[in-house]
Amino acid sequence: MKSPRLKRFNPLFILAASALAVCAQEKPTTPEKLKAVVVKGTTIGGEVTAVSPALTLSGKVLADLSQSTLGDVLADVPGVASSYFGPNSGRPIIRGLEGDRLKITQNGTSSLDASSASPDHAVSVDPLTIREVQVLRGPAALLYSSSIMGGVINLLDNRIPVERLPRSATLFGRMGSADGLRALSVLTEGSLGDFAYHLDGFNKTTQDLSTPIGRIADTASDSQGAGFGVSRVGAFGYVGLSYSGLNSTYGVTEPGIEIGLRQRRWDLAGTVNAPTAALKSISYKLGVSDYEHSEFAAGVAGSTFANQGWDGRIDFELTKIGSLEGVVGLQSGRFDFSVVGAEAFLPTTHNANDAVFGSFVQSLAPDSRLRYGFRVESAKVSADAWVHEGLVSNPGSASASFTPASLALAWVKDLSPEWATTLSLTRTERAPNYQELFADGPHVGTDAYEVGDGALGKERGIGIELELAKTRGAVSGSFSVYYNRFSSFIAQQANGQGPNLTLNGGDDHSGLARYDFVAVPADFFGAEAKVNYQLHDTATAKLGLEFFGDFVRASNRDTSEALPRISPGRLGVALHGLASGWSWRLDAAYHLAQDHLATSETPTAGYTMVGASLGHDFKLAGTAARFTLRLTNLFDVEARNASSFIKDTLPLPGRGVEAGLKLSF
């Protein structure tokens, strides 16, 4: 299922593979130690800075996770679900919040794709290229977004090296049974004098998905991507440039329909160390993207979504003054979003956003710290005049401007060397996006006639969270409860059927449900927990027992009606360990039934998922190697994802085996 444009990208992938072969024969003259990676669920009790993420996934832990979609990568983290629109498209959902309420950034700047516009649109960053995933909440999230109730997900690919790198190369292959996965990625990095370089490429194909009810047609995929970056590194800091591309063709479960995605992206980044006595560093980043995807029916291009734009930022890290340290900065972005063709439910829009932000941490006492931050934005959405038959015939040009302002405060208190607690308060505002303002037409991805409202105001909310964490000792973990209260939550509200426009020369949309974007008062509350009991811990043998779970409930405060597509929560247990050089994990999670339903929503039955994984580091002909094996849905349970638009027609994958082999030269 290749579109013609994919073939033109293959030479870049071949270039990356060729570089791997060359680098594999070369040895570094002066080995340098790379920075250690960390995996943590909370920053409580550890080093807390103005930019500390709440969660970091990298190294072996990230490599051993599912690599299908970004939603799958994070789906096992407490508080996170996936929007799951089949095996090829799934954005993370955090604490019931998705879309523009959960910003996804690539190396600190916007991903500039179309994934937030529709659940069948994939995030334009393939998990195979990600080196680190950061989930930021509270004051640190304000560095990137004014809407932080769910948080910010920052994806790092290291395509612009920030330090001199030892010469190395990696070859990583994966095979899977449930979706016929065949994936190969290559990576080479190194340094030549003051210059550090990075080169990567991948090729990934899948077949139609196997589920407990049979194989689902039109769910196969074919993706290729590559990137190259180079930096000059010295005592002054670094400056670097990268270029990357992604091509992907994938099915979305609709008969004969597939999406052909293409993105080309340039990135510039750099840091100047200690430019003045008042500044520890100045960092700057700029991403420029050309994104489009076409929706093919029986091989013929139909609707085309396009997003061309840029996003840039400059961060000033302040020299520590007494007990206060922090980062302030400016961010600016512009993008043009258009939909052309039969699915043109939006006019072409021109979007501008400028922001000033700050995030700080201050020590109040040896056992007490205060984190706080702010972000003020200027946002404008301008829509072109539109030749279109909808509820409004041939609407003229229009625009809307907003000034969202958000604040966050977190008090961290060490109760003992082992225990700590955090109390967080948040006030957020979000400007409505182009879809919420100007939609007027049938949206195939949601199977609905969507109607925006150009008079919408800012989305406003306040939140409170209490977290208790134990970070040392045989027992470790964290527990948190939260409550988010929105005075104006922008939601889609059922409003009968779509219009019959045949009298005006349009189409009959009365067979589609109509959903209007409206502002409603809403409440979100929930809890998350993860506890690990380390039963045995030596250098060569480990055994641990882990308990985890989460819960979220979201309602319209005026009507007490549920908000749609909320994953209710889960309870799980896992046994994990290390023996004879093999790491292993066996886990089971019960996903709660969802019967707190929005209008026209169907119940979702509860289900239990059981999985297992193995990992082993060894030498293969003198080369460092790692073998991984993942077993998913061991009992082939038919399960439905309550957060998915298509849960009633597409179950989750059936029993599967996925094996991976990583060679490091």
Side-chain angles (χ1 to χ4, degrees), residues 51 53 70-71 91-92 94 97-118 121-126 129-130 132-136 140-148 150-157 159-160 225 227 229 241-246 261-269 283-293 305-315 329-338 349-357 359 375-382 402 404 406 428 430-436:
V51 298
L70 182 59
R91 279 176 61 101
I94 297 183
L97 300 172
E98 59 180 325
D100 276 2
R101 298 181 187 89
L102 181 62
K103 186 167 185 178
I104 297 175
T105 61
Q106 186 173 349
N107 302 304
T109 59
S110 175
S111 60
L112 293 168
D113 56 23
S115 63
S116 65
S118 183
H121 298 170
V123 177
S124 64
V125 182
D126 194 280
T129 68
I130 299 171
E132 183 175 303
V133 179
Q134 298 176 339
V135 179
L136 299 104
L142 291 173
L143 297 170
Y144 304 100
S145 176
S146 64
S147 180
I148 61 168
V152 170
I153 297 175
N154 187 30
L155 309 175
L156 305 180
D157 56 31
R159 282 174 171 155
I160 299 181
L241 183 70
S242 73
Y243 177 75
S244 59
L246 172 67
L261 181 158
R262 177 189 185 277
Q263 186 181 46
R264 301 293 183 265
R265 181 181 174 108
W266 287 94
D267 284 277
L268 170 72
S283 299
Y284 51 90
K285 296 179 179 179
L286 174 66
V288 181
S289 172
D290 181 3
Y291 170 96
E292 73 171 31
H293 80 247
F305 291 71
N307 187 345
Q308 283 87 34
W310 57 269
D311 187 36
R313 60 185 295 123
I314 182 168
D315 296 66
L330 304 170
Q331 187 166 6
S332 183
R334 303 287 186 272
F335 69 91
D336 298 332
F337 191 91
S338 63
T349 60
H350 310 280
N351 303 265
N353 185 285
D354 302 300
V356 57
F357 55 81
S359 179
R375 187 179 181 94
V376 180
E377 297 183 347
S378 172
K380 183 176 182 179
V381 183
S382 301
F402 308 90
S406 298
T428 69
R430 180 182 70 88
N433 64 26
Y434 51 85
Q435 188 172 350
E436 295 163 337

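Owing to the predicted nature of the structure, the values given are computational and were not obtained by experimental measurement.
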Nearest atoms (heavy-atom pairs only) where A431 meets P404: N-CG, 3.8 Å
Heavy-atom side-chain proximity of D336 to N351 below 4.5 angstrom: no
Side chain to side chain, N433 and T349, heavy atoms closer than 4.5 Å: no
Minimum heavy-atom distance between A141 and V152, given as atom pair plus value: O-CG2, 3.7 Å
Student check: side-chain heavy atoms of P92 and L70 closer than 4.5 Å: yes
Heavy-atom side-chain proximity of L241 to I160 below 4.5 angstrom: no
Residues R334, D354: salt bridge by 4.0 Å N-O rule: yes
Between T105 and N154: side-chain donor-acceptor atoms closer than 3.5 Å: yes
I153 side chain near L102 side chain, heavy-atom distance below 4.5 Å: yes
Donor-acceptor under 3.5 Å (S406 side chain, S146 main chain): yes
S111 and Q106 side chains, donor-acceptor separation under 3.5 Å: no
For R265, the option from D113, D290, T109 that meets side-chain hydrogen bond (donor to acceptor under 3.5 Å, both in side chains): T109
Salt bridge (Lys or Arg N to Asp or Glu O under 4.0 Å) between R430 and E377, worked out: CA-CA 9 Å; R430 180 182 70 88; E377 297 183 347; over 6 Å; no
Worked check of side-chain contact (heavy atoms from CB on, under 4.5 Å) between L142 and I148: CA-CA 7 Å; L142 291 173; I148 61 168; 3.7 Å; yes
Worked verdict on D100 versus S147 for side-chain contact (heavy atoms from CB on, under 4.5 Å): CA-CA 8 Å; D100 276 2; S147 180; over 6 Å; no
Value rounded to 0.5 Å, distance of CG in L261 from OG in S124: 6.5 Å
Steps toward side-chain hydrogen bond (donor to acceptor under 3.5 Å, both in side chains) verdict (R91, S115): CA-CA 8 Å; R91 279 176 61 101; S115 63; 2.7 Å; yes
4.5 Å side-chain heavy-atom contact, L330 and V356: yes
Least distance between heavy atoms, Y291 atom then Q308 atom: O-NE2, 3.5 Å
D126 (side chain) donor-acceptor with T129 (main chain) under 3.5 angstrom: no
Nearest atoms (heavy-atom pairs only) where N353 meets A379: ND2-CB, 3.9 Å
Heavy-atom closest contact (R375 atom, F357 atom, distance): NH1-CD2, 3.5 Å
Carboxylate-amine/guanidinium proximity below 4.0 Å for D311 and R313: no
Y243 side chain reached by R264 side chain, heavy atoms, under 4.5 Å: yes
Test item: S289 and Q263 side chains (from C-beta on) under 4.5 Å apart, heavy atoms: yes
Criterion side-chain contact (heavy atoms from CB on, under 4.5 Å) on L286 and D267, from CA distance to verdict: CA-CA 6 Å; L286 174 66; D267 284 277; over 6 Å; no
Stepwise side-chain contact (heavy atoms from CB on, under 4.5 Å) check, H293 with H121: CA-CA 9 Å; H293 80 247; H121 298 170; 3.3 Å; yes
Closest non-hydrogen atom pair between L112 and G309, with its separation: CD1-O, 3.7 Å
Whether F337 and F305 hold their rings parallel, tilted or perpendicular, with breakpoints at 30° and 60°: perpendicular
Donor + acceptor pair across side chains of N107, D157 (<3.5 Å): yes
Rounded distance (nearest 0.5 Å) linking atom OG of S110 with atom OH of Y144: 13.0 Å
